[in-house]
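To start, the structure itself, in structure tokens.
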Amino acid sequence: MGLLTQILTLPLAPVRGTVWVLDQVLLTAEREYYDPEPVRAELAELEQQLLSGVIGDEEFDRREDELLDRLEWLEANQQRLRDHS
């Protein structure tokens with residue numbers, strides 16, 4: 001039965017191939033979008049600005065909270081991607 005199904009659905013092979021390629025492109029785009037590394041780099045830069053006196057403690061705390069919230073969200077979504085891969 002498997003061979004018969006393969007033969008009958010052969011005209012759909014290009015569609016299946018296109019769907020697979022689109023899934024791979026979407027997965028790659030999501031991995032890049034949910035990559036936490038840019039946020040980690042921004043946190044390190046923020047700390048350097050605090051240490052060099054460019055920003056004060058209050059500004060640092062506000063921006064750090066925003067970045068940590070974003071980092072938590074990104075890591076949760078990245079875990080979701082790993083679970084679905």
Side-chain angles (χ1 to χ4, degrees):
M1 192 68 160
L3 180 59
L4 183 58
T5 302
Q6 290 290 331
I7 292 171
L8 292 175
T9 60
L10 188 60
L12 298 176
V15 173
R16 285 192 304 263
T18 302
V19 169
W20 180 84
V21 168
L22 291 175
D23 283 343
Q24 296 305 309
V25 169
L26 179 63
L27 185 60
T28 301
E30 284 181 330
R31 284 183 180 150
E32 287 180 19
Y33 181 77
Y34 294 123
D35 184 15
E37 286 307 313
V39 175
R40 289 186 184 125
E42 203 171 332
L43 278 167
E45 181 182 331
L46 185 64
E47 185 177 13
Q48 286 295 340
Q49 289 176 353
L50 176 66
L51 295 175
S52 65
V54 175
I55 61 172
D57 287 338
E58 199 172 291
E59 175 71 11
F60 174 80
D61 288 340
R62 183 185 63 76
R63 289 176 54 194
E64 182 188 39
D65 287 342
E66 291 171 2
L67 289 171
L68 289 174
D69 288 344
R70 174 127 173 94
L71 184 62
E72 183 180 341
W73 182 79
L74 290 171
E75 288 175 344
N77 280 295
Q78 200 173 47
Q79 182 63 39
R80 179 187 57 83
L81 285 175
R82 276 193 291 267
D83 292 344
H84 284 65
S85 294

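Just so it is clear, the values below take in all heavy atoms, side chains as well, and ignore hydrogens, waters and symmetry mates. In this chain, numbering begins with 1 at the start of the sequence shown.
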Would you mind checking if Arg63 and Glu45 are paired as a salt bridge, meaning a charged N to carboxylate O distance below 4.0 Å?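 No, no charged N to carboxylate O under 4.0 Å.
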For [X] and [Y], work out which heavy atoms get closest and say how close.
X	Y	result
Leu71	Pro36	CD1-CB, 3.4 Å
Leu43	Leu68	CD1-CD2, 3.8 Å
Leu67	Leu46	CD1-CD2, 4.0 Å
Tyr33	Leu74	O-CD2, 3.8 Å
Ile7	Pro11	O-CD, 4.2 Å

Out of the candidates Arg82, Arg40, Arg80, only one should pair with Glu75 under the salt bridge (Lys or Arg N to Asp or Glu O under 4.0 Å) rule; please name it.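 Passing option: Arg40.
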If the test is side-chain contact (heavy atoms from CB on, under 4.5 Å), which one of Arg62, Glu64, Arg70 qualifies with Glu66?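 So the option named by the test is Arg62.
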Is it true that atom CD of Glu37 has more than 12 heavy atoms of other residues, nucleotides or ligands lying nearer than 6.0 Å?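 It does: Glu37 CD has more than 12 such atoms within range.
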Please check if atom CD in Glu72 has more than 12 non-hydrogen atoms from other residues, nucleotides or ligands closer than 6.0 Å.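 Atom CD in Glu72 is not crowded, with 12 or fewer foreign heavy atoms closer than 6.0 Å.
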Test of understanding: clusters of I, L, V, M, F, W, Y form through side-chain heavy atoms closer than 4.5 Å, transitively. Do Trp20 and Val25 belong to the same one?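 Same cluster.
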How many angstroms lie between atom OG1 of Thr5 and atom CG of Leu10, to the nearest 0.5 angstrom?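 With rounding to 0.5 Å, OG1 (Thr5) is 12.0 Å from CG (Leu10).
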How long is the straight-line distance from CD of Gln78 back to CD of Glu30, given to the nearest 0.5 Å?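 Between Glu30 CD and Gln78 CD, I get 11.5 Å after rounding to 0.5 Å.
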4.5 Å side-chain heavy-atom contact, Trp73 and Asp69: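 They are not in side-chain contact.
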